[in-house]
There are 2 protein chains.
Amino acid sequence: MENRRADTIARALEEMILSGEFAEGARLDEIRLAERFGVSRTPVREAFQRLALTGLIEQIPRRGVFIRQPGAVELMEMFEVMAELEALSGRLAAVRISDGALAQLAEANGNCRRAVEAGDANAYYDENERFHHIIYAEAGSAFLKGEVERLHRRLKPYRRLQLRLRGRLAQSMAEHEEIVAALSAGDAARAAKVLRAHVAIQGEKFHHLLASLKPAAE
Amino acid sequence: MENRRADTIARALEEMILSGEFAEGARLDEIRLAERFGVSRTPVREAFQRLALTGLIEQIPRRGVFIRQPGAVELMEMFEVMAELEALSGRLAAVRISDGALAQLAEANGNCRRAVEAGDANAYYDENERFHHIIYAEAGSAFLKGEVERLHRRLKPYRRLQLRLRGRLAQSMAEHEEIVAALSAGDAARAAKVLRAHVAIQGEKFHHLLASLKPAAE
DNA sequence: GTCAAGAATCTTGTATGCAAGGTGAACCCG
DNA sequence: CGGGTTCACCTTGCATACAAGATTCTTGAC
């Protein structure tokens, strides 16, 4: 579906940006990146086009492309939209999920619990990823899956960050239990409600985190 | 924010595709399009990149780009997601909308009513556009606005089509009245519910339309 | 006559060259 | 000495040339 090198570069760049390799507002030098990847400017420029569409970078004509980290307000907005899409996923998955997927969900959740007990935020994070992706898939809507996964990727680093908040792991775990219960019961409304809250609270937590870090921000 | 010519071409191509200028599955010839627009292949290829991201075309490596019209199932899925985003817009707008915007909404709705009485589907369509865009804007979330407008554009031709269904205009009009009432009352839950139904029913109507047109489809 | 293999051609993907626009610095004038 | 203007350099945007892969047509063999 994708160009060979341009695709590779786009993914690599996305990874680099999301992992915080570049400072906010920094300019991305086409030539330097091309040299770094061992290609010409063309595939780098194509990668820029894609990342600009997803909002990771901003292209200013005749000026260049710049790293664009969303501010606290925009992040809240993104989590807000994410919450709705997750809620929809849950509502659909509640009536469509297979027994096998339910078992996988329980397994991922078990791994999550063990990670919480071990205080291993990274392990929790990984299994949490798996947990949510199962729900996306079981919603049975290819389009929704694409949209929600796109936003999921975009919010990845921020979700990870807020997991560090004290007590958030345990709370998140409890929410997961509720989600599994609702899905197992086939209770669409409850699954939607719980998932919406589960995601929305992440946005709020993150907002708190930001506010405590830089009081004069935004 | 955009490249000069590549942006122009992307918009022109989007318009051409959405207006049904190309057949389903047709290949888009870079060279021919470049000649048609009077530019080289480069900006055309950049435009392709963008359209591929929005799902309008599909790029197959070393094969070319092809028109990709969503099938009935995918359209339903898209309307389903759209319904959630509209519902969120309504829920937020209900508590944030200004008096001025409410007046504009009432005005657009009045124009809609006159269009219905005149049986003018096109006029209704235009004012309907305005009506929804006001709600998107009044939700007060730049990110949500971007997402919902993107989907709105994508679904444009299909929404237009289903308006031709007998009785749909009057029904849609009644739904608009309810939406205005909910927003005026500041009733977030009701606004969300009505808007969700208003959009979801469009997907269903469209499905019926397709089913009646080609019984052996999908 | 049909099927398969190979070559020619066409198309995409990448590299590089060139032009236009913008930024920054230096120089001139007040 | 400060501010404004101009010039030079740098970066992006576009065009074109080149390479690699895919398709199709032709040719040959069975």
Would one find a side-chain N or O of [X] under 4.0 angstrom from OP1 or OP2 of [N]?
X	N	value
B:Arg5	D:dA15	yes
B:Arg41	C:dT11	no
B:Arg45	C:dT14	no
B:Thr42	D:dC14	no

note = Winner on side-chain proximity to A:Val39, out of C:dA15, D:dG13, D:dA22, is C:dA15
request  = Check every atom of C:dG22, D:dA22, D:dT12 against the side chain of B:Arg62 and return the nucleotide holding the closest atom.
outcome  = D:dA22
Without decimals, in angstroms, what is the distance between [X] [atom1] and [N] [atom2]?
X	N	atom1	atom2	result
A:Gln59	D:dG13	CD	C1'	11 Å
B:Glu46	D:dT16	CD	C1'	15 Å
B:Phe66	D:dA22	CZ	C1'	11 Å
B:Arg4	C:dA19	CZ	P	15 Å
A:Arg63	C:dT23	CZ	C1'	8 Å
B:Arg50	D:dG13	CZ	C1'	12 Å
A:Phe48	D:dC14	CZ	C1'	17 Å
B:Ile31	D:dC18	CD1	C1'	14 Å

Decide yes or no for [X] and [Y]: does some side-chain heavy atom of the first lie under 4.5 Å from some side-chain heavy atom of the second?
X	Y	value
A:Leu56	A:Arg154	yes
A:Ser172	A:Tyr124	yes
B:Arg160	B:Asn122	yes
B:Glu14	B:Arg153	yes

remark   = By nearest-nucleotide position on DNA chain C, the 5'-leaning member of A:Ser40 and B:Leu28 is B:Leu28
key: Interatomic distance, A:Glu46 atom CD to B:Gln49 atom CD [nearest 0.5 angstrom]   = 4.5 Å
query = Under 4.0 angstrom, heavy atoms only, what part of the nucleic acid is B:Arg27 near: base, sugar-phosphate, or nothing?
reply = sugar-phosphate
